[in-house]
Each structure stands twice: as structure tokens, then as C-alpha cells.
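Structure first, then comments.
In what follows, every heavy atom counts, from backbone to side chain, and hydrogens, waters and symmetry copies are set aside.
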Amino acid sequence: MRILQLNLNHCKAAQDLLSQTILKQRINVAVLCDQYKNLDPPYTWLADANSQAAIWVQGGGMVQERPARARPFFTWAQINRIYFFSVYAPPRLADVEFSALLTNIIEEARDKRPLIVAGDFNAWSTEWGCRVTRQRGTILLDALATLEAALLNTGDSPTFAGALGYSVIDLTFASDTLALRITSWAVSELYMHSDHQAIVFEIETARPPRPTTRQSCKWNARTLDSESLSVMMANAAVPPEPTEEIATRLMAAITSACDASMAKTSGRRRRCAVYWWTSEIADLRRSCLRARRLAQRARGRPNEGASQASYASARRLLPRCHRDQ
């Protein structure tokens with residue numbers, strides 16, 4: 001499974017760009033917070049009680065369990081036998097309110113394994129690359145220790161870049177057994193039109209073996225030769241044997257008949273861009289990414305002001321271009 005984690009900064013353009021990113025990066029699950037709006041069906045979108053956290057699943061059949069009632073500041077879902085928790089702890093929460101939120105999360109997650117707890121905690125600690133440790137960071141580490149959850153953040157790459165500077169406040173925790181199956185965790189360089197950087201990682205999933213009678217390809221029904229199919233099935237002989245053997249022989253006969261009467265197709269689905277995506281928007285997004293990198297490299301240098309102004313101009317052009325479509 002391929003996972004994307006992001007604070008959307010309550011930005012419409014960021015949420016629009018998310019749709020295209022999910023397609024291009026082949027994301028299965030998006031763990032989100034501070035969303036611009038909740039998506040209605042047919043999207044599989046699970047949100048908290050006050051629209052501050054969400055989980056967007058690509059394919060509703062992957063969800064085995066969800067909350068009976070929504071709670072504020074976090075939501076969860078069991079997806080492919082893994083529990084995902086999406087959390088947003090806004091800066092306005094006092095320490096006592098932050099502790100209460102974590103208590104609610106722990107009570108909900110106590111008997112749920114394996115699990116991922118991810119989101120924007122607005123907590124600082126040297127454990128995940130911050131310059132200092134503050135009270136929230138200590139409270140968070142003490143609370144999640146009861147879940148035996150390991151921190152996945154590595155390095156000191158900032159996950160947030162705002163007017164007042166850079167910080168690491170978007171965090172990913174995983175239960176100990178699941179952490180061993182998580183690969184390629186990284187703060188992404190994808191441009192998302194948010195003050196936060198996307199985090200992307202993969203979870204190795206154990207797939208059950210396919211039955212031997214199941215084919216790895218499909219048939220193109222538009223090429224069906226019905227006469228050939230009828231002849232093949234009329235000549236099929238299934239002798240009276242034990243039930244399982246009858247089923248095996250019958251499936252083999254049907255497979256042979258389909259092979260003889262229809263052409264095969266690979267079954268791969270082409271991933272298309274969202275309807276409003278254009279080459280102009282793609283170029284502007286690349287320009288934004290390049291301008292952001294130059295602005296980051298210019299910190300503390302004489303050209304810092306010009307680089308920041310260029311980046312701000314590139315950011316303004318992108319949503320304007322999207323509105324014009």
C-alpha cells in the first residue's frame with residue numbers, strides 16, 4: 001500500500017492538487033488534516049466531527065471497519081487489516097486539551113493492531129528533528145508509548161514552512177510489528193500548494209495466494225464468438241466425482257472455452273489526469289517547486305528577499321490558472 005500524509009492548510013488549491021497527486025503517485029490511502037472540505041460519495045472519505053482530520057481511501061472495498069460515531073480532531077479506519085488514525089491538534093489547544101485529545105485517541109486505539117497514527121500534532125521535540133523539546137512533545141511521546149508505537153520520522157527535513165520559519169510538526173507513528181513492514185518513509189518534494197510538505201511511504205502487504213483456477217488475465221467480451229463458445233461448452237465433459245474435483249474440471253472447461261472464443265486483455269487500467277488538469281498547470285506546478293527550492297537555499301543570503309518574492313509570485317499564479325479552466 002502506498003500512503004500519503006498531508007496537512008492541506010484549509011486550502012482549496014491544495015486539495016485540488018491532491019487529487020492529481022493521488023493519481024500520478026498511485027496513492028492508495030491519504031491521511032489528511034485541516035482539509036478545505038469533506039468529499040461526498042462516491043468518494044470513500046472518512047472525516048472527524050469538526051472537519052479537521054480525514055482519511056481518503058482509493059477504493060471503498062479496502063475499508064473493513066470505521067467509527068460508529070465521529071469524534072473531534074481525529075478519525076480512524078481499518079484498511080486492508082491495518083488501522084489508520086488521522087489526527088489534527090491545532091495550536092489553539094491548551095496542554096490540558098491536547099492531553100485529553102491523546103487520551104481519547106489511546107482509548108480508541110487500545111485494542112486495534114497493527115496501527116498507524118499520523119497527522120499534524122503541532123508538537124516540538126528533538127526526537128524528531130526540532131531544535132528544542134516543548135511540553136507538547138513530551139506529552140505526545142509519553143502518551144503514544146502506551147500504544148508501543150514507534151516514530152517513523154527520520155532526519156530533520158522540515159514538514160512545515162511558514163512566514164515565521166521551518167519546523168517538524170507532521171509526524172507518523174506505527175505499532176512496532178507494523179514498523180518493520182514500512183518502507184521508503186520520506187518528506188516528499190512534491191509541490192502541494194500548502195505550507196506543509198507531503199509525507200509518502202509504503203507498507204508491504206501480504207497477499208493471499210490466488211486459487212490455481214484463477215486467471216491473471218481477462219477476456220475482451222466484445223470479441224466474443226458465441227457459436228464457438230457454445231460448441232466448446234457442449235463438448236465439455238465433467239464426470240461425476242467429488243464436489244471439489246467437479247468444480248476444478250468445470251472451471252478448466254470454462255477457461256478453455258473462453259480462451260477459444262474471446263481475445264484476452266491485460267486488464268490494466270490507464271490512470272488519467274483529473275478533468276481540469278492541463279499542461280499549463282503542470283508547468284506552473286514545476287515552476288512553484290523550483291521557486292520554493294531556490295527560496296529555501298537562499299535563507300540567510302543576500303538574495304533571500306528576491307527569492308521569497310519570486311516564490312510568492314509563483315504560488316499566486318497557480319490557483320489563478322486553475323480558476324481560469
Problem set entry | Any R181 side-chain heavy atom under 4.5 Å of I82 side chain | yes

Exercise. Any sub-3.5 Å donor-acceptor pair from T21's side-chain atoms to L17's backbone N or O?
Worked result: yes

Problem set entry | Candidate pair L6 and M192, rule side-chain contact (heavy atoms from CB on, under 4.5 Å), full reasoning | CA-CA 9 Å; L6 178 65; M192 300 302 301; 3.7 Å; yes

Seminar exercise, completed: Residues passing the side-chain contact (heavy atoms from CB on, under 4.5 Å) test with S307, sequence neighbours excluded, are A295, A298, N303

For this session: Could you tell me whether a side-chain N or O of T133 sits under 3.5 Å from a main-chain N or O of T126, the two making a donor and an acceptor?
Result: yes

For this session: Could you tell me whether the side chain of S194 and the main chain of H196 form a donor-acceptor pair under 3.5 Å?
Result: yes

Exercise. Considering residues at least two apart in sequence or located in another chain, which fulfil the salt bridge (Lys or Arg N to Asp or Glu O under 4.0 Å) criterion with R2?
Worked result: E202

Exercise. When rounded to the nearest 0.5 angstrom, what distance separates CZ in R66 from OG1 in T75?
Worked result: 9.5 Å

For this session: List in chain and number order the residues that pass side-chain contact (heavy atoms from CB on, under 4.5 Å) with S167, two or more places apart in sequence or in another chain; answer none if no residue qualifies.
Result: W124, F160, I169

Exercise. Can you check whether Y36 reaches C11 side chain to side chain, under 4.5 Å on heavy atoms?
Worked result: no

Exercise. Please, which pairs that meet salt bridge (Lys or Arg N to Asp or Glu O under 4.0 Å) have at least one residue in residues 147-165, sequence neighbours excluded?
Worked result: none

Problem set entry | Nearest-0.5 Å distance that lies between atom CG in N50 and atom CZ in R71 | 12.0 Å

Just distance, no hydrogens or angles: give the donor-acceptor pairs under 3.5 Å from side chains in residues 91-102, sequence neighbours left out.
unit_1: E97; atom_1: OE1; unit_2: A94; atom_2: N; d: 2.8
unit_1: S99; atom_1: OG; unit_2: D95; atom_2: O; d: 3.1

For this session: Quick one: list whatever passes side-chain contact (heavy atoms from CB on, under 4.5 Å) with A49, sequence neighbours left out.
Result: A70, P72

For this session: Examine M62 and L178 and state if one hydrophobic cluster contains both, with Ile, Leu, Val, Met, Phe, Trp and Tyr joined whenever side-chain heavy atoms are less than 4.5 Å apart.
Result: yes

Exercise. When rounded to the nearest 0.5 angstrom, what distance separates CG in N9 from SG in C33?
Worked result: 9.5 Å

Seminar exercise, completed: Applying ring-ring contact (aromatic ring centres under 6.0 Å, His included) to Y191 and not counting sequence neighbours gives H193

For this session: State which residues pass side-chain contact (heavy atoms from CB on, under 4.5 Å) with T146; sequence neighbours excluded, sorted by chain then number.
Result: I106

Problem set entry | Residue list, side chain to side chain donor-acceptor pair (under 3.5 Å) with Y83, at least two apart or on another chain | E65

Exercise. Any chance the side chains of Q5 and T172 put a donor and an acceptor closer than 3.5 Å?
Worked result: yes

Exercise. Looking at residues at least two apart in the chain, or sitting in another chain, which of them share a ring-ring contact (aromatic ring centres under 6.0 Å, His included) with W56?
Worked result: Y43, W45

Exercise. Atom OG in S86, atom CD in Q52: separation rounded to 0.5 Å?
Worked result: 10.5 Å

For this session: Take W219 and D259 through the test side chain to side chain donor-acceptor pair (under 3.5 Å) and record every step on the way to the result.
Result: CA-CA 8 Å; W219 294 278; D259 285 341; 2.9 Å; yes

Exercise. If only atom types and distance count, is the side chain of E204 paired as donor or acceptor with the main-chain N or O of T183 below 3.5 Å?
Worked result: no

For this session: Please tell me if the side chains of I3 and M1 come closer than 4.5 Å, counting only heavy atoms from C-beta onward.
Result: yes

For this session: Would you check if the side chain of S310 reaches a backbone N or O of A306 as a donor-acceptor pair within less than 3.5 Å?
Result: no

Problem set entry | Same apolar cluster: F74 and V29, side chain cutoff 4.5 Å | no

Exercise. Any side-chain heavy-atom pair from I79 and I55 closer than 4.5 angstrom?
Worked result: yes

Exercise. What pairs of residues pass the salt bridge (Lys or Arg N to Asp or Glu O under 4.0 Å) test when at least one of them lies in residues 34-54, not counting sequence neighbours?
Worked result: none

For this session: Answer yes or no: is there a side-chain heavy-atom contact under 4.5 Å between L152 and F173?
Result: no

Please set out all donor-acceptor pairs under 3.5 angstrom arising from side-chain atoms of residues 111-123, sequence neighbours excluded.
unit_1: K112; atom_1: NZ; unit_2: E108; atom_2: O; d: 2.8
unit_1: R113; atom_1: NH1; unit_2: A109; atom_2: O; d: 3.0
unit_1: R113; atom_1: NH1; unit_2: R110; atom_2: O; d: 3.4
unit_1: R113; atom_1: NH2; unit_2: L147; atom_2: O; d: 3.2
unit_1: D120; atom_1: OD1; unit_2: N122; atom_2: N; d: 3.1
unit_1: D120; atom_1: OD1; unit_2: N122; atom_2: ND2; d: 3.4
unit_1: D120; atom_1: OD2; unit_2: N7; atom_2: ND2; d: 2.8
unit_1: N122; atom_1: ND2; unit_2: A89; atom_2: O; d: 2.8

